[in-house]
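Notes follow the structure.
In what follows, every chain begins at residue 1, and chains take the letters A, B, ... in the order their sequences are listed. All figures in this text were calculated on a predicted structure; none of them were measured in a lab.
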Amino acid sequence: AYTYNPLIRGFFEKGLLDEAMKLGEEMETRGVLPMVSTYNTYLYGLCEHGKMEDARQRLVEMTERDLAPDIVSYNTLIYGYCRLGNLKDAVILFHELRCRNLVPSVVTYNILADGFCRLGDLESAQQLKNEMIYRGNQPDVFTYTILVNGACKVGNLSLAQEFFEEMLHRGLKPDLFAYTTLMLCEMKLGNKSTAFSLQEEMVGKGFPLNLIVYNVLVDGLCKIRDLEGACELLQKMVCDGLPPDHVTYTSLIHAHLEVGHLRKAREIFHEMLLKGLSPTVVTYTVLIHEHADRGRLALAFMYFSEMQEKGVLPNVVTYNALINGFCKARRLDLAYNFFNEMEEKGIVPNRYTYTIVIDENCNIGNWPEALRLYRQMLEKGIEPD
RNA sequence: GGUCUGAUUACGGGGAA
């Protein structure tokens, strides 16, 4: 069964769910009995594709076969719900596992804390940290990285720094992820020099710098409008044998569009293509947003078409960027076309989408339509904020 | 040793400037 686990997992990762299942059956016809870890592999594969119903079925199935789910099984399911932002069901499982005489592990708490952080609910995440300590589970470097990142994302940078300090006081040794996360905060605070000294500290401790570390620095410099610094760093990356990737390029393109260097942004975009890097949906969304937001609707639409020709599928953020541009340009008619188009494609509008169209209807004084949208939003279970 | 968690790039309103 240990032989099969990685194979099954591999199929899942490639999205070949049926193949993964078939391999499992083949394993059993060969007389190899599945183990709890085999089922956990199934669970993970299903959860990573958001197939929570199937995963729950498997959980029942393993119980019936006298393979008692363990804490890893539960963690996996909780993780699955958290990824979907469904903290409600995640928390239900968190309580349910105790009924099976299982005890939450540090990983369980970390998964949940991260889930809350991603919804911007830092208080709940913090509560979990306290609860884990109270129950005798010591937070680890993962826990603190999650909290630092969570605080950073909601903009509470001083709290982020406090979490990092707390981690040190507990005698935990930050690793590459923890340092990178702190660097991100420092950059967000505009503490360029602190971020760079952290970088040196990392090197001093023998952590190999990777692309992500550089990307954090490049993007940080871009955000504080230090494009020169960003370009210098780019040279250094190349010297260090870490050539910029699509993330680096996207940051640079974004920064140049922000300051109105359209020509330069386009050059960078082409340079990226020349290097054989494929623009992602994020790259295109940046281009679309920056152009549409400043009224360059035709250009934005050009990129929107181009991305689809290249097989890069627009997502809800892409549509929001477009719709926003068309609304601002008082082309509500066209904005609605995109609004309908996304629904046809099965892309679910979110809070942002509705805020954009509701706001524009208010601007033009179309209150009934604004209210209609508001109700529609509620009907779809989208929470206003 | 072989099943679970953490780091980088994209979208709205209001307020402040």
With distance as the sole criterion, is a donor-acceptor pair present between the side chains of A:Asn75 and A:Asn110 under 3.5 Å? no
Given a 3.5 Å cut-off on both pairing distances, which stems involving RNA chain B, each at least three consecutive Watson-Crick or G-U pairs, are present, if any? none
Give a yes-or-no answer on whether the side chains of A:Glu26 and A:Tyr4 include a donor-acceptor pair shorter than 3.5 Å. no
Report which part of the nucleic acid A:Ile111 touches: base, sugar-phosphate, or nothing (heavy-atom distance under 4.0 Å, all strands). sugar-phosphate
Quick one: label A:Asn210 by what it contacts on the DNA or RNA (base, sugar-phosphate, nothing), any heavy atom closer than 4.0 Å. base
Between A:Phe94 and A:Tyr109, is the ring centre distance below 6.0 Å? yes
Test item: side-chain donor near acceptor, A:Asn149 and A:Asp114, under 3.5 Å: no
For A:Thr283 and A:Thr280, test the side chains for any donor-to-acceptor distance below 3.5 angstrom and give the result as yes or no. yes
Among A:Phe326, A:Phe304, A:Tyr303, which residue satisfies the ring-ring contact (aromatic ring centres under 6.0 Å, His included) criterion with A:His291? A:Tyr303
For A:Ala178, answer base if it contacts any base atom (sugar-phosphate contacts may also be present), sugar-phosphate if it contacts only those atoms, and nothing otherwise; contact means non-hydrogen atoms under 4.0 Å. base
For the atom pair CD (A:Gln161) and CG (A:Asn156), what is the distance rounded to the nearest 0.5 Å? 10.0 Å
Positional range of nucleotides in RNA chain B within the contact set of chain A, heavy-atom, under 4.0 Å: B:G2 to B:G13
When you check the gap from the basic side-chain N to the acidic O, do A:Lys236 and A:Glu232 get nearer than 4.0 Å? no
Side chains of A:Asp245 and A:Thr248 only: does a donor on one sit below 3.5 Å from an acceptor on the other? yes
When all nucleic acid strands are considered with a 4.0 Å heavy-atom cut-off, which category describes A:Val216: base, sugar-phosphate, or nothing? sugar-phosphate
Looking across every strand, which nucleic acid part, if any, lies under 4.0 Å from A:Lys188 by heavy atom: base, sugar-phosphate, or nothing? nothing
May I ask you to list the residues of residues 272-285 of chain A, by number, that have any heavy atom positioned under 4.0 Å from an atom of RNA chain B? A:Val282, A:Thr285
Determine, for A:Arg58 against A:Glu61, whether the closest basic-nitrogen to carboxylate-oxygen distance falls under 4.0 angstrom. yes
Looking across every strand, which nucleic acid part, if any, lies under 4.0 Å from A:Asp385 by heavy atom: base, sugar-phosphate, or nothing? base
Give A:Arg83 one of three labels, base, sugar-phosphate or nothing, depending on what nucleic acid heavy atoms sit under 4.0 Å from its own. nothing
With distance as the sole criterion, is a donor-acceptor pair present between the side chains of A:Asn130 and A:Gln127 under 3.5 Å? no
Give A:Val36 one of three labels, base, sugar-phosphate or nothing, depending on what nucleic acid heavy atoms sit under 4.0 Å from its own. nothing
With a 4.0 Å cut-off on heavy atoms, is A:Asn315 in touch with a base, just the backbone sugar-phosphate, or nothing at all? base
